[in-house]
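By convention in this document, chain letters (A, B, ...) are assigned in the order of the sequence lines, proteins followed by strands, and residues within each chain are numbered from 1.
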Amino acid sequence: MERRGLGRRLREMGMTHFQTDVLLALTRVPRGSTVSYKQLAAMAGHPGAYRAVGTVMRKNPLAPTIPCHRVIKSDGTLGNYSGRGGARRKMVLLASEGASVKGR
DNA sequence: CAGGTGACATGAG
DNA sequence: ACTCATGCCACCT
């Protein structure tokens, strides 16, 4: 997928630079892997903005292009998820990718 | 400009 | 191990 155009498209959607940065970093996450909000924030170049990362995800559940379900908490738990089924769906998706999830 | 909110993180009790 | 309280950053009203 053209991640380059994706970023520009997100900007066109009305997303700020921060939003685009985080979402782009998320697309860089390989399938079957999971990253914590803190990790993603650092990857996006905004270490410490893990709080804002969550805010971004919550506002962008309408982007099937972005694997938002791969973002979990630092404790290894799922955390929350906006979308059909909520955290339930998130757990199933991660299990489908072969990612180990705590809690069950 | 100020206040409130939230898919979090960390520490203390 | 669990719950409560505080800190953090970006966004919205």
Rounded to the nearest 0.5 Å, what separation is found between the CG atom of L93(A) and the OG1 atom of T34(A)? 13.0 Å
Once you round it to whole Å, what is the distance between C1' of dT10(B) and NZ of K73(A)? 11 Å
Would you call I72(A) and V101(A) a side-chain contact if the rule is heavy atoms closer than 4.5 Å? no
Protein-to-nucleotide contact annotation, 5' to 3' order, nucleotides 6-13 of chain C [B base; S sugar-phosphate only; - none; under 4.0 Å, heavy atom]: -BBBSSS-
Pairwise 5' ranking along DNA chain B for C68(A) and K38(A), keeping only the more 5' one: C68(A)
What residues form a ring-ring contact (aromatic ring centres under 6.0 Å, His included) with H69(A), not counting sequence neighbours? none
Validation row: M57(A), L26(A) side chains within 4.5 angstrom (heavy atoms): yes
Rounded interatomic separation in angstrom, taking CZ from R58(A) and C1' from dA7(B): 8 Å
How would you list all residue pairs meeting ring-ring contact (aromatic ring centres under 6.0 Å, His included) that involve residues 72-95 of chain A, not counting sequence neighbours? none
